[in-house]
Structures are given as structure tokens and as C-alpha cells.
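Reminder, nothing fancy here: chain letters follow the sequence lines and each chain counts from 1.
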Amino acid sequence: MSEIIDEVLKDINESKIFRNREILRPDYIPEELPHRHEQIRSLTRILSPLIKGSRPSNVFIYGLTGTGKTAVTKFVLNSLVKKSNGIQFFYINVRHEDTPYRVLASLLEYLGIRVPRTGLPTSDLYRQFTSILKAKNKMTLVVFDEIDSMLKNHGDDLLYKMTRINEYLGSSLVSIIGITNDVKFVEMLDARVKSSLGEEELIFPPYNAEQLKDILKSRSERAFLEGVVNDEVISLCAAFAAREHGDARRALDLLRVAAEIAERLGETKVKEQHVYEARRELEKDRVAEVVATLPFHGKMVMIAIILLSKKQKSLTTGEVYDVYKSLCKRMKLESVTLRRVSDIISELDMVGVISAKVVSKGRYGKTKEIVLASSIESIIYGLKKEDSEINELIQEILGD
DNA sequence: CATCCACAGGAAGATCTGGTAG
DNA sequence: CTACCAGATCTTCCTGTGGATG
């Protein structure tokens with residue numbers, strides 16, 4: 001019997017495609033970062049006071065998604081920590097921990113303190129954090145990645161406190177590295193936070209297609225078995241990603257998913273058609289994911305938009321609201337206000353499921369011009385996930 | 001050239017959920 | 001049990017506005 005299990009496991013372990021698929025994951029930090037030597041040098045220079053035991057300047061890092069900001073930062077910090085044991089660094093992705101409470105909770109977790117998910121006053125967490133830091137008396141670097149994502153909903157309160165933390169501690173122990181891919185973000189900051197955070201600045205330019213190819217090549221040598229990927233496939237992935245502002249993460253995702261598709265089909269080579277397929281799959285997954293996690297009325301609005309766009313190409317907020325309201329009535333549910341629906345539409349636009357542009361129709365008012373920006377199938381696929389109530393409604397409406 | 005539509009979108013706060021602490 | 005906390009969602013009330021139209 002057990003040989004059946006061994007057989008299956010053997011199949012899984014011995015891929016005909018991958019040597020080590022981890023290398024293509026977006027959070028993998030390679031030891032070779034092509035075309036980023038300049039940035040590594042600059043960041044190391046800025047942080048070099050650490051080695052002598054003094055506090056380096058706060059750093060602000062700009063660059064679009066997938067330009068190597070996170071990889072370079074982690075790479076440099078890891079190397080510095082190896083060279084001196086008087087240093088510790090905490091890396092927080094603010095998109096994942098997007099409230100002041102959660103940021104502080106994960107900082108405390110780095111310090112070995114388990115904090116309840118909710119219930120405590122935020123100020124208590126902050127006090128705990130500072131007092132432990134003080135007791136440890138160790139040079140500390142705090143990295144806030146995608147720092148812009150908290151600012152919008154929760155302001156720069158925490159950021160302000162963090163930049164002042166050394167005054168509370170009575171000794172200079174903490175430096176902050178802020179990473180953002182939104183250039184406009186800085187304008188939203190309080191002037192005091194801005195000047196304190198921006199003591200040093202570092203800019204990561206996007207990669208061009210050639211550079212993306214180098215990156216893909218250097219990774220695939222170790223990620224794939226020999227002869228699995230050829231130049232054409234790599235060029236195609238690079239070209240797609242270059243078109244989207246030189247996003248290396250995108251390029252790696254494409255290559256990885258294309259390879260997974262090839263593997264699933266039992267092939268031993270990744271072909272160009274797999275890359276096209278990967279692009280569709282990635283997009284579908286992204287759309288389905290954001291739609292599935294929408295709040296209830298967000299889903300209802302989404303259905304209203306789908307319904308309307310079958311009749312006309314472009315819709316307005318008012319039209320969507322009318323359809324949405326009749327949908328709610330049909331389900332015998334309370335509807336939310338127009339004001340709220342207006343916000344929901346803006347949120348849908350921000351995640352890229354729809355495109356909503358503010359236009360003035362002169363005498364006929366000012367509104368949003370709404371157009372679907374993703375395939376209806378992907379959206380419905382996402383809507384149907386994990387919500388039976390919505391499921392029935394879709395079944396009912398699209399049944400005619 | 002002023003008017004006025006159909007909303008945009010800011011501000012403040014209410015309500016609810018899911019939690020802690022004593 | 002009561003008192004309180006953070007965060008998400010939503011409401012109430014509000015002022016602002018681009019440009020076709022009369």
C-alpha cells in the first residue's frame with residue numbers, strides 16, 4: 001500500500017521543470033541583484049554608522065512596484081546584521097499590517113511578545129514597545145514597507161510617534177526606513193514627519209526589458225532544470241513586465257506561473273503559450289481575489305454594474321445606485337446610501353476592477369463615468385466564492 | 001455669462017463586531 | 001458582569017464644482 005504514497009510523493013518531489021521553485025517567489029531574496037549595485041552601495045553607505053555603533057539617518061526609499069526596493073533593503077540589512085551583533089532590524093509590510101495596532105503588534109512580536117489581536121489600547125502597545133527597546137539597548141532599524149497604504153486610512157500619527165521615539169528613549173537607538181511606491185505619498189505627510197523621515201532619500205528607477213531579462217536569466221538558472229526555459233520565453237515575460245513600468249515581481253510571477261502551467265500539463269519545456277496563459281490566470285486570480293473579499297454591499301454594487309454594462313458601455317453613479325437599490329429590494333435587504341455607494345465605486349476603481357473617471361456633463365451634472373475593467377467571468381467567479389446568498393442572486397438574475 | 005444639475009467627496013460620528021481587563 | 005478598545009462599515013450633513021445650456 002505505502003508504495004502508492006511513495007510513488008505520488010516521488011512525482012511531486014521530482015519535478016520535470018523545477019530545480020527549486022522557491023527562487024521564483026516574490027519574497028525570495030537572491031544573493032545576486034542585477035542592476036542594483038548602485039542602490040546597494042548607497043544604502044550601505046547611509047547605514048554604515050551602524051557598524052560603529054551610532055544611529056544612521058532615517059531613509060526614504062521611492063520606486064515603483066517590483067523595482068527591487070524590498071529585496072535590496074533586506075539584502076543590505078541582513079548583511080549588516082551578520083557583521084555586527086549589536087544591530088537588530090524589524091521588517092513590517094504595512095500593506096499587510098495596515099493599522100497602527102497591527103503594526104505595533106508585529107513589532108512586539110519581533111521582540112518576543114505575543115499580543116492579542118484586538119482589545120487593548122494602542123497606547124499600551126506603544127508603551128510596551130518603547131520600554132522593551134530601552135531595556136534591550138540595541139541599535140534598531142525599523143523598515144516600513146509600502147508605508148503609503150496605512151496613511152490613507154489611519155493618518156501619520158504612528159509615523160510621527162516613531163520618528164520621535166528616540167526622544168522618549170532618551171538615547172538614539174532607532175532609525176526608520178520608509179519604503180513607498182507612491183510618489184504623491186510624501187505630499188500627504190505632516191511636514192515634521194516628512195523632514196524627519198527624509199533625512200536621506202533613495203530612488204529606484206524601473207527596470208527596462210533588457211535588465212528584466214538579466215534578472216530572469218540569473219534566477220532561472222537555479223530555479224529550473226536545464227533546458228526547461230529558452231530565451232524566447234524569458235524575453236516574453238520581460239516584455240510583458242516592461243510594459244507595466246518594469247515590474248520585476250510581475251516578470252517573475254509570469255515565469256513562475258507559466259512554468260507551473262507547463263508542469264501541470266506534464267510538459268518538460270515552458271513554451272510561449274504558457275506565458276500567455278499565465279497572464280490570463282494571474283489577472284483572473286487577482287480580480288477574483290479582490291471581488292471575493294469585498295464587503296456585502298460592495299458585491300451588490302458589483303452585480304449592479306455588471307447588469308448595467310450588459311446594456312450600455314458606460315454608466316453613471318446614479319444609474320448604478322438605482323439598479324443596486326432594486327437588487328436590494330428584491331432580496332428584501334436594507335440598501336446603503338448614495339454617499340456610501342459613491343465610496344464603494346471609488347474603491348472598486350482603486351483595486352482596478354472597474355474604471356471610474358469623474359466627468360462633468362455640464363447642465364446634466366457631475367458624476368463618475370464607470371466602465372468595467374476586467375472580464376465578467378473573473379468577477380462572477382470571485383463573487384461566487386464563499387457567499388451563498390450572493391450566489392443565489394447571481395443564479396437568479398443571470399438565469400434569464 | 002450666469003445658472004444649475006448630479007453628483008463628488010470632506011468631516012464627524014453612529015453602530016456593530018470581536019476582543020481585553022478586572 | 002461592566003467598562004472599555006480598535007477597526008470596519010455606513011449615515012448624516014455638508015460644501016464644492018465643470019461645463020452645457022438657456
Side-chain angles (χ1 to χ4, degrees), chain A residues 92-109 113-129 131 144 146-162 184-185 187-190 289-305 308 312 314-329 331-351 353-371 383 386-387 389-390:
Chain A
I92 310 277
N93 187 317
V94 183
R95 190 203 290 284
H96 300 140
E97 325 293 337
D98 63 346
T99 67
Y101 188 96
R102 281 211 279 274
V103 168
L104 283 167
S106 30
L107 281 174
L108 281 166
E109 205 154 310
I113 311 270
R114 254 259 327 143
V115 183
R117 272 175 43 255
T118 171
L120 302 177
T122 310
S123 54
D124 277 13
L125 299 199
Y126 184 74
R127 249 206 328 274
Q128 244 190 93
F129 179 63
S131 70
F144 290 125
E146 307 195 60
I147 198 169
D148 41 310
S149 51
M150 183 168 68
L151 199 74
K152 243 183 67 250
N153 298 317
H154 301 277
D156 54 11
D157 226 52
L158 179 69
L159 231 42
Y160 179 70
K161 272 196 184 133
M162 292 302 295
K184 281 180 292 178
F185 157 77
E187 298 161 19
M188 295 160 66
L189 281 174
D190 184 295
E289 169 68 22
V290 300
V291 171
T293 54
L294 243 35
F296 179 80
H297 289 285
K299 290 182 183 169
M300 293 293 280
V301 171
M302 199 66 248
I303 296 173
I305 292 172
L308 261 173
Q312 49 198 100
S314 148
L315 359 156
T316 68
T317 305
E319 288 164 355
V320 171
Y321 188 58
D322 287 341
V323 174
Y324 157 79
K325 261 205 297 197
S326 67
L327 282 178
C328 283
K329 197 181 264 174
M331 286 179 81
K332 297 191 173 65
L333 289 165
E334 293 283 309
S335 50
V336 299
T337 55
L338 176 66
R339 179 69 185 83
R340 177 62 189 147
V341 169
S342 169
D343 274 348
I344 289 173
I345 289 172
S346 299
E347 282 158 27
L348 290 173
D349 170 76
M350 229 170 14
V351 296
V353 184
I354 63 172
S355 144
K357 239 191 331 186
V358 181
V359 291
S360 177
K361 295 192 189 308
R363 164 54 40 118
Y364 306 104
K366 200 180 172 200
T367 183
K368 287 200 190 87
E369 207 173 72
I370 300 156
V371 182
L383 284 170
E386 73 195 85
D387 203 320
E389 227 178 335
I390 293 271

(message) Please check if the number of heavy atoms outside A/Gln312 that lie under 6.0 Å from its CD is greater than 12.
(response) yes
(request) Return the value, rounded to whole Å, for the distance between atom CG of A/Asp322 and atom P of B/dA6. (result) 12 Å
(message) For chain A and DNA chain C, what are the first and last nucleotides along the strand, 5' to 3', with at least one atom under 4.0 angstrom from a heavy atom of the protein chain?
(response) C/dC5 to C/dT21
Atom pairs, protein N/O to nucleotides 8-11 of chain B N/O, distance under 3.5 Å:
from   : atom 1 : to       : atom 2 : distance (Å)
B/dA8  : OP1    : A/Thr317 : OG1    : 2.6
B/dA8  : OP1    : A/Lys368 : NZ     : 3.3
B/dA8  : OP2    : A/Ser342 : OG     : 3.0
B/dG9  : N7     : A/Arg339 : NE     : 3.1
B/dG10 : N7     : A/Arg339 : NH2    : 2.8
B/dG10 : O6     : A/Arg339 : NE     : 2.8

(message) As a quick check of understanding, evaluate side-chain contact (heavy atoms from CB on, under 4.5 Å) for A/Thr99 and A/Met150, giving each step before the final call.
(response) CA-CA 6 Å; A/Thr99 67; A/Met150 183 168 68; 5.7 Å; no
(request) Report the residues that fulfil salt bridge (charged side-chain N to carboxylate O under 4.0 Å, His left out) with A/Glu146, sequence neighbours left out, ordered by chain and then residue number. (result) A/Arg95
(message) Between A/Ser335 and A/Lys329, do the side chains contain a donor N or O and an acceptor N or O under 3.5 Å apart?
(response) no
(message) Any side-chain to backbone donor/acceptor pair from A/Tyr324 onto A/Ile305? Under 3.5 Å, distance only.
(response) no
(request) For A/Ser123, report the nucleic acid contact type (base, sugar-phosphate, nothing); a contact means any heavy atom under 4.0 Å. (result) nothing
(message) For A/Leu308 and A/Ile370: C-alpha separation, side-chain torsions, deciding distance, then whether side-chain contact (heavy atoms from CB on, under 4.5 Å) applies.
(response) CA-CA 10 Å; A/Leu308 261 173; A/Ile370 300 156; over 6 Å; no
(message) Restricting to side chain to side chain contact (heavy atoms under 4.5 Å, CB included), what partner residues turn up for A/Lys357, sequence neighbours left out?
(response) none
(request) For A/Ser314 and A/Glu369, work out which heavy atoms get closest and say how close. (result) OG-CG, 3.1 Å
(message) Near DNA chain B, counting only heavy atoms under 4.0 Å, which residues of residues 146-155 of chain A show up?
(response) none
(message) Between A/Phe296 and A/Ile390, does the side-chain contact (heavy atoms from CB on, under 4.5 Å) criterion hold? Intermediate values first, please.
(response) CA-CA 9 Å; A/Phe296 179 80; A/Ile390 293 271; 3.9 Å; yes
(message) One pair to check against side-chain contact (heavy atoms from CB on, under 4.5 Å): A/Tyr321 and A/Thr316. What are the steps and the verdict?
(response) CA-CA 9 Å; A/Tyr321 188 58; A/Thr316 68; over 6 Å; no
List, with names and distances, any nitrogen or oxygen atoms from the protein found under 3.5 Å away from nitrogen or oxygen atoms belonging to nucleotides 15-18 of chain B.
from   : atom 1 : to       : atom 2 : distance (Å)
B/dG18 : N2     : A/Thr118 : OG1    : 3.2

(request) Might you point out which heavy atoms bring A/Gly298 and A/Ile344 nearest each other, and give the distance in Å? (result) CA-CG2, 3.8 Å
(request) Using atom CD of A/Gln128 as one end and atom C1' of B/dA21 as the other, report the distance to the nearest whole Å. (result) 14 Å
(message) Looking at A/Ser106 and A/Arg102, would you say the former's side chain and the latter's main chain have a donor-acceptor pair under 3.5 Å?
(response) yes
(message) Keeping A/Asp156 on the side-chain end and A/Leu189 on the backbone end, is there a donor-acceptor pair under 3.5 Å?
(response) no
